[in-house]
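Below is one structure, written out as structure tokens; comments come after it.
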Amino acid sequence: MQIQIYQRAHKQKVPFTPLNKDHVRLYVCGPTVYSTPHIGNARPAVVFDGFVRVLRAFYPKVTYVRNITDVDDKINTKAQQEGVDIDVIAERYTKCYHEDLAALGCLSPDVEPRATEHMPEMIAMISALIERGHAYESENHVCFSVPSFDDYGAVSGRDHNARKAGARVAVETYKQHEEDFVLWKPSTETEPGWDSPWGRGRPGWHIECSAMIEKHLGLPIDIHGGGGDLLFPHHENENAQGCCFREGKEYVKYWMHNGMVNVDDEKMSKSLGNILLVRDLLQKAPGEVVRLALLQTHYRQPLRWHEDTLHSAKQILDRAYRLLEQVDTRDIKEWGWSDVPSEIQAALCDDYNTPLAITHWQALCRALQKKETHTAEEVKALLATHHFLGVGQRPIRSWFRQAEQGKLDVESIEKLLAERDQARQIRDFEAADRIRDQLESQGILIEDSNGKTKWRHQ
RNA sequence: GGCUGGAUGGCAGAGUGGUUAUGCAGCGGCCUGCAAAGCCGUGGACGCCGGUUCGACUCCGGCUCCAGCCUCCA
């Protein structure tokens, strides 16, 4: 089995061969912490969480770094509005981000560096770029010189003419070339700033990623991931400064970009009022449902979120948990990638084709559902698949009975069920059905099976 | 306007030059006091127009619509 990754630059899938097979290094662009995470923020986190699980199955050591951008003018604006320090804003939304991703079953990255904690590294990298003739100081700014890098445009597939035709913003006076981008910019007294050889200021957008990659992973790295909206200019610029810092050598071997999330075929935007916050979705469904909904679309495709999205994912997981209720997992202590059915392995390796993997997983569930007893191999196959998809991790009882959802307490429910049982015994089905309807109106569903009555939350 | 990507049945969504994707929803059946769950079966699709081909949803071209980006905005 060989992992394949789609490379936009080559417009095809290519085999993944790490720079060092003993240590795979991966960096993913994390959030700018100025607002509550929405489903678009969650998608790359879930996708790369899952993909890293697969990488770990193949390589002895994988280091996954995902940053927190806590220097940004949006944070500054928010802090000013509230009259607080930028740390307050950054801390608040970093906490939100962590909470929401944990609910989605995302494991923590190995390192989660913050821009504010890497000013010396950024300043050192900018200085090196100036020394090597790829950046210049001008009007208290430091700019990267795009003409100094021949391969500019290769990452996003935009040649000079394409970029020039698209440009529509007036060129600032401090730039030597219209495409040059800012590495360091001056701060006013009221803006957050750090001392530097070029005066008190703050970094431009792109430099933090390169500096933090160099520090925590060492350049070059195997995989750099992020949302498709970051392809240009962010990743193009990162690549330019990163390659030039390395004096022309490679910066990133494989780029991976996830598609955007659209709501009812429209982009999420504040003006449309259709921003789907992760925490709002978590009010409607367990985190694994949201996770599965995100993985049901291939990571590179745009994801169409709509009314039935959660319902559909919930049905699949309900089924999976019903199966888990029947499967005896007590004696199964260890399982791993080799226990994952080969067709699911193949799908996950084929440019992380989760929708196909999920289809095969459903087939596996159905096959096991039909059997009275299960072999150790079958149970391992199920548990291993669940781990790599990041589903089926909840205790079964809590899946079907969620305390926070209950309008009725357990005692009342069981009292009503006892009454219903009595009614059924004397064949007073009208009374029995009345109780069932009453429970259903409270979100309690019941199932009579094998002479017993089970109940669960909707 | 430019660049990039997308368009598959009611909905979501893989894949393929000729043969059932799959799930949700629907319909029929088994089971059940009735349901639910489970099982069995079933209808339904490849944006539009051309071209290549014995044959295209799949390859090529044009068009339409949608999305992302177009430099200090993540």
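From a predicted model like this one, the values you see are computed outputs, not experimental measurements. Residue numbers start from 1 in every chain, and the chains themselves are labelled A, B, ... in the order their sequence lines are given, proteins ahead of strands.
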Would you indicate what [X] reaches in the nucleic acid, counting non-hydrogen atoms under 4.0 angstrom: base, sugar-phosphate, or nothing?
X	result
A/Lys454	nothing
A/His360	nothing
A/Gln301	sugar-phosphate
A/Lys314	nothing
A/Pro355	sugar-phosphate
A/Tyr321	nothing
A/His298	sugar-phosphate

Looking only at side-chain N and O atoms, does [Y] offer a donor or acceptor that is under 3.5 Å from a partner on [X]?
X	Y	value
A/His224	A/His257	no
A/Tyr251	A/Ser210	yes
A/Glu112	A/Tyr64	no
A/Gln369	A/Gln326	yes
A/Asp73	A/Asn76	yes
A/Asn67	A/Glu208	yes

Is there a side-chain polar atom (N or O) of [X] under 4.0 Å from OP1 or OP2 of [N]?
X	N	answer
A/Arg304	B/rG13	yes
A/Asn262	B/rC66	no
A/Lys11	B/rU4	no

Could you check how far [atom1] of [X] sits from [atom2] of [N], rounded to whole Å?
X	N	atom1	atom2	value
A/His235	B/rC3	NE2	P	23 Å
A/Ile75	B/rC73	CD1	P	13 Å
A/Glu238	B/rC72	CD	P	17 Å
A/Phe232	B/rC73	CZ	P	15 Å
A/Tyr6	B/rG6	OH	C1'	12 Å
A/Leu356	B/rA21	CG	C1'	9 Å
A/Met268	B/rA67	CE	C1'	12 Å
A/Phe144	B/rU71	CZ	P	18 Å

### Contiguous Watson-Crick or G-U pair runs (3 or more, under 3.5 Å) in RNA chain B
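When the pairs of RNA chain B are grouped into runs of at least three, the stems are B:1-7 with B:64-70, B:10-12 with B:22-24, B:26-30 with B:38-42, B:47-51 with B:59-63.
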Determine the Euclidean distance between corresponding [atom1] atoms of [M] and [N]; express it in Å to zero decimal places.
N	M	atom1	result
B/rG18	B/rC11	P	26 Å
B/rC63	B/rG10	P	28 Å
B/rU42	B/rG47	P	26 Å
B/rA37	B/rA25	P	8 Å
B/rG23	B/rC34	P	27 Å
B/rC39	B/rC46	P	30 Å
B/rG13	B/rU4	P	24 Å
B/rC49	B/rG15	C1'	25 Å

### Query
Which sits closer to the 5' end of RNA chain B, A/Asp350 or A/Gly30, going by the nucleotide each is nearest to?
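Comparing both residues, the 5'-ward one is A/Asp350.
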### Message
Heavy-atom nearest nucleotide on RNA chain B for A/His141 versus A/Asp308: which residue maps closer to 5'?
### Response
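Residue closer to the 5' terminus by nearest nucleotide: A/Asp308.
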Go through the structure and list residues passing ring-ring contact (aromatic ring centres under 6.0 Å, His included) with [X], not counting sequence neighbours.
X	result
A/Phe429	none
A/His386	A/Trp361
A/Phe232	none

Heavy atoms from C-beta onward define the side chain here; which of [options] lies closest to that of [X]?
X	options	result
A/Asp229	B/rC72, B/rC73, B/rG68	B/rG68
A/Thr297	B/rA14, B/rG68, B/rC73	B/rA14
A/Lys175	B/rG23, B/rC69, B/rC72	B/rC72
A/Thr359	B/rG68, B/rA21, B/rC73	B/rA21
A/His306	B/rA12, B/rU22, B/rC39	B/rA12

Nucleotide N/O to protein N/O under 3.5 Å, stretch nucleotides 30-37 of chain B:
unit_1 : atom_1 : unit_2   : atom_2 : d
B/rG33 : O6     : A/Arg420 : NH2    : 3.4
B/rG33 : O6     : A/Arg424 : NE     : 3.3
B/rG33 : N1     : A/Asp433 : OD1    : 3.0
B/rG33 : N2     : A/Asp433 : OD1    : 3.4
B/rG33 : N2     : A/Asp433 : OD2    : 2.7
B/rC34 : O2     : A/Arg436 : NH1    : 3.3
B/rC34 : O2     : A/Arg436 : NH2    : 2.2
B/rC34 : N3     : A/Arg436 : NH1    : 3.0
B/rC34 : N4     : A/Asp448 : OD2    : 3.1
B/rA35 : N6     : A/Asp448 : O      : 2.8
B/rA35 : N1     : A/Asp448 : N      : 2.8
B/rA35 : N3     : A/Arg436 : NH1    : 3.1
B/rA36 : N1     : A/Asp448 : O      : 3.4
B/rA37 : O3'    : A/Arg322 : NH1    : 3.1

Without placing hydrogens or testing angles, list every side-chain donor-acceptor pair under 3.5 Å for residues 144-155 of chain A, not counting sequence neighbours.
unit_1   : atom_1 : unit_2   : atom_2 : d
A/Ser148 : OG     : A/His134 : ND1    : 2.7
A/Ser148 : OG     : A/Ser145 : O      : 2.6
A/Tyr152 : OH     : A/Asn237 : ND2    : 2.4

### Query
Taking atom CZ of A/Arg92 and atom OG1 of A/Thr36, what is their separation to the nearest 0.5 Å?
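Result: 8.5 Å between the selected atoms.
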### Query
Would A/Arg66 count as a cation-pi partner of A/Phe48, with NZ or CZ less than 6.0 Å from the six-membered ring centre and within 45° of the ring normal?
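Not satisfied by the 6.0 Å and 45° rule.
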